[in-house]
Undergrad: 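Would you mind keeping the following structure in view while I ask a few things?
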Amino acid sequence: MTIKETRLYVFNRAGWRCAVCGKKIDWNTGQLAHRIPKTKDNIKQYGLSVIDHPFNVRATCSLRCNAAVLIGNSSIEKQQLIEVIERTLSKKACLENRTNTTL
């Protein structure tokens, strides 16, 4: 998914409202907020496919709301989110392999 596709998907999923305060957003005012931060360490540990996955991103209206969606580094919620994303990516890879072998 490109950044524009991810942005459109996340904004649509949020109903074009901030995930934290509910304020209406548009293409210009909305921000994508990573729940697991997009840091060098996190990219190295989990990969961009996890960090930039739509499940790890929320629509927000401001830096204050952006900061409110962060998950703590040692939280159970973080591990659960990573597991869900990895399962989703694994299923997608299996489906792509099946499609490629039947062609």
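Computed from a predicted structure; not experimentally measured. Excluded from the calculations below are hydrogen atoms, water molecules and symmetry mates; all remaining heavy atoms, backbone and side chain alike, are included. One is the number of the first residue; the rest follow in order along the sequence.
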Undergrad: Quick check: does any side chain N or O of Thr88 sit under 3.5 Å from a backbone N or O of Val84, one acting as donor and the other as acceptor?
TA: yes

Undergrad: Contact between Met1 and His53 at the side-chain level, heavy atoms closer than 4.5 Å - yes or no?
TA: no

Undergrad: Is the closest side-chain heavy-atom distance between Leu32 and Ile3 below 4.5 Å?
TA: yes

Undergrad: I'd like to check Gln31 versus Leu63 (side-chain heavy atoms, cut-off strictly below 4.5 Å). Are they in contact?
TA: yes

Undergrad: Ile51, Phe55: one ILVMFWY side-chain cluster at the under-4.5 Å cut-off?
TA: yes

Undergrad: Tyr46 versus Lys78: any side-chain heavy-atom pair under 4.5 Å?
TA: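 Touching, per the 4.5 Å side-chain cut-off.
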
Undergrad: How far does OG of Ser49 sit from CD of Glu86, to the nearest 0.5 angstrom?
TA: 8.0 Å

Undergrad: Are Tyr9 and Arg13 packed together at the side-chain level, in the sense that at least one heavy-atom pair is separated by less than 4.5 angstrom?
TA: yes

Undergrad: Strictly distance-based, threshold 3.5 Å: is any side-chain N or O of Asn12 a donor or acceptor partner for the main-chain N or O of Leu8?
TA: yes

Undergrad: What are the two closest heavy atoms between Asn42 and Pro37, and how far apart are they?
TA: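 Reported closest heavy-atom pair: ND2-O, 2.9 Å.
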
Undergrad: Do Arg58 and Val10 have side-chain heavy atoms sitting under 4.5 Å apart?
TA: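 No, their side chains stay 4.5 Å or more apart.
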
Undergrad: Going by distance alone, is a donor N or O of one side chain under 3.5 Å from an acceptor N or O of the other, for His34 and Asp52?
TA: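 Yes - a donor-acceptor pair under 3.5 Å links their side chains.
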
Undergrad: If you round to the nearest 0.5 Å, how far is CZ of Arg87 from CD1 of Ile82?
TA: 12.0 Å

Undergrad: Specify the closest pair of heavy atoms between Asn28 and Asp26, including all atoms of both residues, with the distance to one decimal.
TA: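 Between these two residues, the closest heavy atoms are N-OD1, 2.8 Å.
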
Undergrad: With side-chain contact (heavy atoms from CB on, under 4.5 Å) as the test, pick out the partner of Leu81 among Ile76, Asn56, Val50.
TA: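 Per the side-chain contact (heavy atoms from CB on, under 4.5 Å) rule, the option paired with Leu81 is Asn56, out of Ile76, Asn56, Val50.
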
Undergrad: In terms of the angle between their ring planes, are Trp27 and Phe11 parallel, tilted or perpendicular, with boundaries placed at 30° and 60°?
TA: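 Perpendicular: the ring planes of Trp27 and Phe11 meet at over 60°.
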
Undergrad: Is Val57 close to Arg35 at the side-chain level, that is, under 4.5 Å between some pair of heavy atoms?
TA: no

Undergrad: CG/Leu70 to CD1/Ile36 distance, rounded to the nearest 0.5 angstrom?
TA: 10.0 Å

Undergrad: Search all heavy atoms of Lys23 against all heavy atoms of Cys61 and return the closest pair with its distance.
TA: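 Smallest heavy-atom distance, with atoms named: CD-SG, 4.0 Å.
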
Undergrad: Compare every heavy atom of Val20 with every heavy atom of Cys65, then report the nearest pair and how far apart it is.
TA: O-CG2, 3.3 Å

